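Heads up, the thing below is written out as structure tokens.
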Amino acid sequence: MNSAQRSHGTTSRHSRGNWMLPLATFLLLASATLATWQWESRVQQEAEELASNQESAAITAEIRDRLNLHGQFLRSLKAFAESSPTQELAVWRRFAGAMHINDSLPGMYAFAYGAAVRPHSPEPFEKLTKFPVDRRTFRIFPETAADLAMPLLFAAPETPALKAVVGFDLLSEKARRDAVNRTTLTGDIAMTAAVELQPDKGTKRLGFQMIQAFFNDGAPTGRDNTHKQNLAGVVLTAYRFDEFMSSFKLPLSSRFVLHIFDESLSGDSSAAPAPTQIYNSDPGFLAVGAPLLHHEIDYGGRNWVLHFHSRGNAVRGFDTPALVLYGGLLGSLLLALLVHHLTTHRERAERYALELTRELIEHRDHLQELVSERTASLDGALQQARAANQAKSEFLANMSHELRTPMHAILGFVELGIRRAAKASDPKIDQYFQRIERSGQRLLSLIDELLDLSKLDAGHMALHPTTFDTLALVREVGDQLESLLLKRKLKLKVRNSANNTQISADKERISQVICNLLSNAIKFSPDEGTICIEFADADLPAGRRSDDNGSISGLSISFIDQGIGIPTDETESIFDKFVQSSATKSGAGGTGLGLAICRAIVAQHRGTIVAKNNTGNGACFVVTLPLNC
């Protein structure tokens, strides 16, 4: 076995050993997390079951209380019917007008009064027909051959739909007849099975009625034949299931779907029918399996069975068990990774140190070779850069000289052409020559700038310093450009706050800088504007190295115009070669060499030039020169 194989085997054993502690940490924490999750899930499940029981019990109690409330109203209606033996319609209307069922009895559709009529006994029927004095077409429907009928004489509120049910025989349908028989026998409130109210006939819209009988002279009832003879009539309240249930503020939308079934508690029929579903809070919900909770409400001989189904996709609150499970597993994993990182940190540090040592040894052994190669490479690059720069400077100088000679000849012939055109009195030809002369002068100026720039870059621009007054030089340059100032109606103001305006420098080059900056100010100033040139004392660093200390006296000259100004991010780039400001390059901009030449001349004098914007509008160029360059 060679050393590489031994190293690989040792590394494998170390790797397996390094993973044992993190794995044990993860398993321990994961087990604790699972135990906590199971406990939290059990606690949350018990809390949800308790909340479900409380909520379902509250819903059931609210429905039961609502039925009892309406039952009390029905008993009051019975007492009123017994206290009005004359059965006058006006009295019933006054009573109905005082009842505001929508406010005090929500969910009720109507209440009504029906009288016990024996159609084969003429005298009672004649008294009955006197009750609806404004209903001359009163009739009992459907027609009956029985010895007892129970037609409705009054229904409130008196809407067209309810007026149409006046005369309807309550004993003509089995569900209502069973309820009437039950209340006649017991004397208590009886509730019908699910029926269609007469105004909703044929719509399959289910409803129910609560009915209570009253008797002549308050005669007691009994389970013999005399109770039907003493029956005077019934009072009832009518409901639509959907309207009755919607009047509750039931919190069903988030937790439950409620199904209500109706079944009979009394012996109305020998064969008990299957329970009838009378309400579904969510018709789109498909109930699968047994309900979550089951409650029953016994009232009026009917039993309402309430099935509460849990919504599978119900929006639940903050899921603490899930947070414990996922957060705990994630935290266990992160902690295990942290343990692995800490246990392998020393091994990684040793490997890193060995790698650094190897690289240092390699660099030490080959340092001289690398230094020699890098030095040779840098020398070659430096020679190439110098050669390229020399070639560029020589090319620009030669081309500038070569171009200036024919340009002078062209301008000479143009001047001759202008004189001859003036003698020939031909304004068109004279205009052509004028344009050629202007273009030639501009091209010659560009050539001169290129020549100056090439000399400055090559370091061939020799300075001839003399002592002169910069204030007088500025005024001299201003006189030279007076024609441009008059043409634009510009004012030139010179302000001096310096103690000394005399400097030792190359007067011709400083004049070139002043002329260029003043020309730019004229070019970019608005008509009838003002250009200010301000002199002030200044200080310049004594040297260009970082460890040079002290300062030397200088003079600053500021050229302030009221033009369009300079974009903030271009105050430095406008001094580059062939670069113009974005605010002027499509307008009155030049070649982009003037400011580059100005900076080169100022730098050769060991001065500075900067550009900035004024507080209001316009630009300001500040040239700072030493008093003795």
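What you see is a predicted model; the values in this text were computed from it and never measured.
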Start with the C-alpha distance between Y326 and T33, add both sets of side-chain angles, then the distance that settles side chain to side chain contact (heavy atoms under 4.5 Å, CB included), and finish with yes or no. CA-CA 9 Å; Y326 297 125; T33 298; over 6 Å; no
Apply side chain to side chain contact (heavy atoms under 4.5 Å, CB included) to L342 and V339, showing your working. CA-CA 5 Å; L342 294 176; V339 171; 5.8 Å; no
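- Rounding to the nearest 0.5 Å places CG of L34 at 6.0 Å from CG of L329.
- In this structure, the side chains of V166 and L153 stay at 4.5 Å or more apart for every pair of heavy atoms.
- The closest side-chain heavy-atom distance from N613 to C620 is not below 4.5 Å.
- Checked by atom type and distance alone, the side chain of R182 never pairs as donor or acceptor with a backbone atom of R177 at under 3.5 Å.
- For the pair T571 and A611, the tightest heavy-atom approach, listed with the atom from each and the gap, is CB-O, 3.7 Å.
- Within a 6.0 Å radius of NZ in K612, no more than 12 heavy atoms belonging to other residues, nucleotides or ligands are found.
- Side chains of D262 and P275 form no contact here, defined as non-hydrogen atoms less than 4.5 Å apart.
- Looking at heavy atoms from C-beta onward, R240 lies in side-chain contact with D200 at the 4.5 angstrom threshold.
- No donor-acceptor distance shorter than 3.5 angstrom exists from the side chain of S172 to the backbone of F168, with no hydrogens or angles considered.
- At distances below 3.5 Å, not a single donor-acceptor pair connects side-chain atoms of S310 with backbone N or O atoms of L292.
- Residue N280 holds its CG atom at 12.5 Å from NE2 of H307, rounded to the nearest 0.5 Å.
- In this structure, the side chains of V117 and L148 stay at 4.5 Å or more apart for every pair of heavy atoms.
- What you find for A238 and L197 is that their closest heavy atoms are CB-CD2, 4.1 Å.
- We find that R75 and E82 are not joined by a salt bridge, their nearest charged nitrogen and carboxylate oxygen being 4.0 Å or further apart.
- Between Q277 and I260 the shortest side-chain heavy-atom distance does not fall below 4.5 Å.
- A donor-acceptor pair is defined here as one N or O able to donate and one able to accept, closer than 3.5 Å; no such pair exists between the side chain of D169 and the backbone of A149.
- Under the 3.5 Å distance criterion, the side-chain polar atoms of T183 are left unmatched by any main-chain donor or acceptor of A179.
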For ring-ring contact (aromatic ring centres under 6.0 Å, His included), just list the numbers for F95 and F80, CA-CA rounded to whole Å, side-chain angles, deciding distance to a tenth of an Å, and then say yes or no. CA-CA 9 Å; F95 176 80; F80 175 77; 4.2 Å; yes
Take M245 and I63 through the side chain to side chain contact (heavy atoms under 4.5 Å, CB included) test and state the conclusion after the steps. CA-CA 8 Å; M245 296 302 297; I63 297 175; 3.7 Å; yes
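- A donor atom on one side chain and an acceptor atom on the other are found under 3.5 Å apart for R176 and Q209.
- Ion pairing between D178 and K174 holds under the 4.0 Å rule for side-chain N and carboxylate O.
- A salt bridge links R205 with E243: the distance from a Lys NZ or Arg NE/NH1/NH2 to an Asp or Glu carboxylate oxygen falls below 4.0 Å.
- For the residue pair S332 and A30, the shortest heavy atom distance occurs at OG-N, 3.7 Å.
- The distance between the ring centers of F308 and F256 falls below 6.0 angstrom.
- Surrounding CD of E359 are more than 12 heavy atoms belonging to other residues, nucleotides or ligands, all under 6.0 Å away.
- How far CD of Q212 is from NZ of K78: 4.5 Å, rounded to the nearest 0.5 Å.
- Contact of the H295 side chain with the S56 side chain is registered, since non-hydrogen atoms from C-beta on lie closer than 4.5 Å.
- Here F208 and W304 bring their ring centres to under 6.0 angstrom of each other.
- Nearest heavy atom pair, residue Y279 against residue F241, reads CD1-O, 4.5 Å.
- The local environment of CZ in F141 is crowded, with over 12 non-hydrogen atoms from other residues, nucleotides or ligands closer than 6.0 Å.
- The minimum heavy-atom distance between D561 and G563, with the atom names listed, is OD1-N, 3.0 Å.
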Check the pair E173 / K201 against salt bridge (Lys or Arg N to Asp or Glu O under 4.0 Å), numbers first and verdict last. CA-CA 13 Å; E173 290 184 359; K201 210 65 176 176; 2.6 Å; yes
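- Between the CG atom in L29 and the CG atom in L27 there is a gap of 9.5 Å [rounded to 0.5 Å].
- Side-chain contact check for V235 versus L74: some heavy-atom pair is nearer than 4.5 Å.
- A donor-acceptor pair shorter than 3.5 Å can be found between the side chains of E296 and H294.
- A donor-acceptor pair under 3.5 Å is formed between the side chain of N68 and the backbone N or O of R64.
- The backbone N or O of L105 lies less than 3.5 Å from no partner atom in the side chain of R66, so there is not a single donor-acceptor pair.
- Here Y109 and Y239 keep their ring centres 6.0 angstrom or further from each other.
- Without hydrogens or angle criteria, N614 side chain to N617 main chain gives a donor-acceptor distance under 3.5 Å.
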Are L333 and F26 close enough, and set up right, to give a side chain to side chain contact (heavy atoms under 4.5 Å, CB included), and what steps lead you there? CA-CA 6 Å; L333 179 60; F26 175 76; 4.1 Å; yes
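- The shortest heavy-atom contact between A112 and L77 is O-CD2, 4.0 Å.
- Separating the CD1 atom in I189 from the CZ atom in R302 is a distance of 15.5 Å, to the nearest 0.5 Å.
- Taking CG from L258 and OG from S281, the interatomic distance works out to 5.5 Å, rounded to the nearest 0.5 Å.
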